[in-house]
Every structure is written in structure tokens, then in C-alpha cells.
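We use all heavy atoms of the structure for the numbers below, so side chains are in, but hydrogens, waters and symmetry mates are not.
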Amino acid sequence: MKRIMLTVAYDGTNYHGWQRQPNGETIESVLNRCLTALLREEIEVIGASRTDSGVHALCNIAVFDTNTNIPPEKLSYALNARLPADIKIQGSKEVDASFHPRHCDSRKTYEYRIYNAEFPMPAERLYAHFSYVPYDVERMKKAARYFEGTHDFKSFCSTDTHVENTVRQIEHVEVNKNENKIVIRAVGRGFLYNMVRIMAGTLMEVGRGNLEPQDMERILAAKDRSAAGPTAPACGLTLTGYEFL
């Protein structure tokens, strides 16, 4: 028996998130089905990041155990031949049998993209949130700095989150604009359910002038989801980086 790690890229538009569920197709269920057919043994992957419905990833991590004789580095090629066009493996390798992607120190990078123009751009509709409302990006940059460091992010997670500890360490949050595209980039050791999307929705409220940058301090201290801004739409979010420390 060996443990294999996959680096998985996907367009989440047509999926109900990463985690397997009874009411819709998910990234995990597709991987399980294709691996089971390929290896002719029952396979269940363990994912590092349980991305939401409609969220994309360039580099999510999954591991599974197998008795196959296929060389680990060749599994990506064999699996990609079976996977749909919107899910593809970027690499495969053998890891230690004790390796668990959710039980080790890691650094994740998420990017939330906003297409900010007078009219929608069809080519951007699946990968960026469209808004014609003008944003003050400098105000958003000031607000983003309040997220950096170790804080209790209870105000910035879904009320459906079932975790004992809502404290997270965020290393860096930046907001940049290039022509019609605004990108919110968050780098941290871990994120709560809907956390980046709520951060993005709150920063957009700052950009519109509905909140002040210093309000982030008050919202963090409230530890109350209703204190923060709305949850930004899923299509704008992509997991762009995953690093084991």
C-alpha cells in the first residue's frame, strides 16, 4: 500500500464544491469515481482545501492510498485521460504513509477577482465577480491591512461553520487594480468556511464608501457574522497557491 499525492486544478463552475455530497456532482466525487475505475480498487481521496460550490483552484491537494503498480509520477497522465476537461491533475507523487494534507503546516493563497467596468465582459463571467459600481481601491488597501496577523475571524466566517477555534493567522492581504480588474490576494496558514469571500465582500463595502477602513478593527472585535459585509459570489474566488511548510 502506498500513499499518492495529487495536485488538482479545476474550474468549479459546474460543481457543488470539493466535498462529496448527495445532492450534486463534486470535485471529490469525480476524482473518486475516475480513480476507482482506473485502479480497479475502491478509492477515496482526502482533500486539503474543501472549496465551496463554484470556486476554482489551480493547485488543490488530494491524497489517496492504493496498491497499484503504476509509477506514482505516471498516475497524473493516466488519470487525466479519464477526467473531464474542467478537472486536470498537475502532478502526482508518492508521499509518506502518515502524510495528511489537513494535518500539517501549510500556506494557502487565494485570489478574489472583480471585473469592474460599465458593462460585463463575457470572457470574465465565470472567473470574476462583475460590478459596475466604482471602488476606491486605496481605501480597500488600507482596510485589508487590518486582516494581517493572528485574529479571531468569527465575524468573517459562515454561521454554518462548525469549528471550535476561529482564530487564524493571515500573513498578507493586498488589493491591486489593473485596468478593469481588481484582485484581492490573501495569504495565510488557514481559512474558515466562506472567510475569503466575506473578507472580499466587506472590502467591497469599504471601496463603495459604506464602511471605513478602520471599521475592520471593530468588525473583528465583534466576533459576529452580522457585523461584516456580504459574502461575495463564489465565481470570483480561486485557490492559486498551496505550500507545505
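Between the side chains of Asp215 and Tyr146, no donor N or O sits under 3.5 Å from an acceptor N or O. At a cut-off of 3.5 Å, with distance as the only test, no side-chain donor of Gln21 or Thr26 sits close to an acceptor on the other residue.
By the 6.0 Å contact criterion, NZ on Lys74 is open, its count of non-hydrogen atoms from other residues, nucleotides or ligands being 12 or less.
When all heavy atoms of Ala128 and Tyr115 are compared, the pair lying nearest together is CB-N, 4.0 Å. Nearest heavy atoms, Met5 versus Val95: CB-CG1, 3.7 Å.
Using a cut-off of 4.0 Å between Lys/Arg side-chain N and Asp/Glu carboxylate O, Glu138 and Lys141 are scored as salt-bridged. A salt bridge is absent between Glu243 and Lys108: the closest approach of a Lys/Arg side-chain nitrogen to an acidic carboxylate oxygen does not fall below 4.0 angstrom. By the 4.0 Å N-to-carboxylate-O rule, Glu73 lies too far from Lys93 to be salt-bridged with it. Using a 4.0 Å cut-off between charged nitrogen and carboxylate oxygen, Glu124 and Arg113 do not count as a salt-bridge pair. Look at Glu111 and Arg185 and you find a salt bridge, because one of the NZ, NE, NH1 or NH2 atoms lies within 4.0 Å of a carboxylate O, short of that distance.
Ring geometry, Phe191 versus Tyr110: the interplanar angle exceeds 60°, so the pair is classed perpendicular (tilted spans 30 to 60°).
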Please step through side chain to side chain donor-acceptor pair (under 3.5 Å) for the pair Asp86 and Tyr15, ending with a clear verdict. CA-CA 10 Å; Asp86 51 7; Tyr15 299 95; 2.7 Å; yes

Working for side chain to side chain donor-acceptor pair (under 3.5 Å), residues Arg125 and Thr13: CA-CA 10 Å; Arg125 75 191 190 284; Thr13 303; over 6 Å; no

ring-ring contact (aromatic ring centres under 6.0 Å, His included) between His56 and Tyr10, intermediate numbers included: CA-CA 6 Å; His56 317 295; Tyr10 49 88; 8.1 Å; no

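Residues Asp52 and Trp18 form no side-chain contact, since every pair of their non-hydrogen atoms from C-beta on lies 4.5 Å or further apart. Under the 4.5 Å side-chain criterion, counting only non-hydrogen atoms from C-beta, Asn194 is not in contact with Cys157. Residues Arg107 and Glu171 form a side-chain contact, since some pair of their non-hydrogen atoms from C-beta on lies under 4.5 Å apart.
Cluster membership for Val206 and Tyr135, using ILVMFWY side-chain heavy atoms within less than 4.5 angstrom, is shared. Hydrophobic clustering keeps Ile61 apart from Val8 (ILVMFWY residues linked when any side-chain heavy atoms are closer than 4.5 Å, directly or through intermediates).
His162 places a side-chain N or O within 3.5 Å of a backbone atom of Asp160 that can act as its donor or acceptor partner. Panel note: side chain Ser155, backbone Asp224; a donor-acceptor pair is recorded below 3.5 Å. Between the side chain of Thr238 and the backbone N or O of Thr240 there is no donor-acceptor pair closer than 3.5 Å. Using a distance-only test at 3.5 Å, with no hydrogens or angles considered, no donor-acceptor pair links the side chain of Asn116 to the main chain of Asn180.
Take Phe147 and apply the ring pair (Phe, Tyr, Trp, His ring centres under 6.0 Å) test, not counting sequence neighbours, and it matches Phe156.
Under the salt bridge (charged side-chain N to carboxylate O under 4.0 Å, His left out) rule, Arg33 has a single partner from Glu42, Glu28, Glu25, which is Glu25. Partner Phe153 forms a side-chain contact (heavy atoms from CB on, under 4.5 Å) with one of Thr166, Val167, Leu192 and no other, that one being Leu192.
Between the CZ atom in Phe130 and the CE atom in Met121 there is a gap of 10.0 Å [rounded to 0.5 Å].
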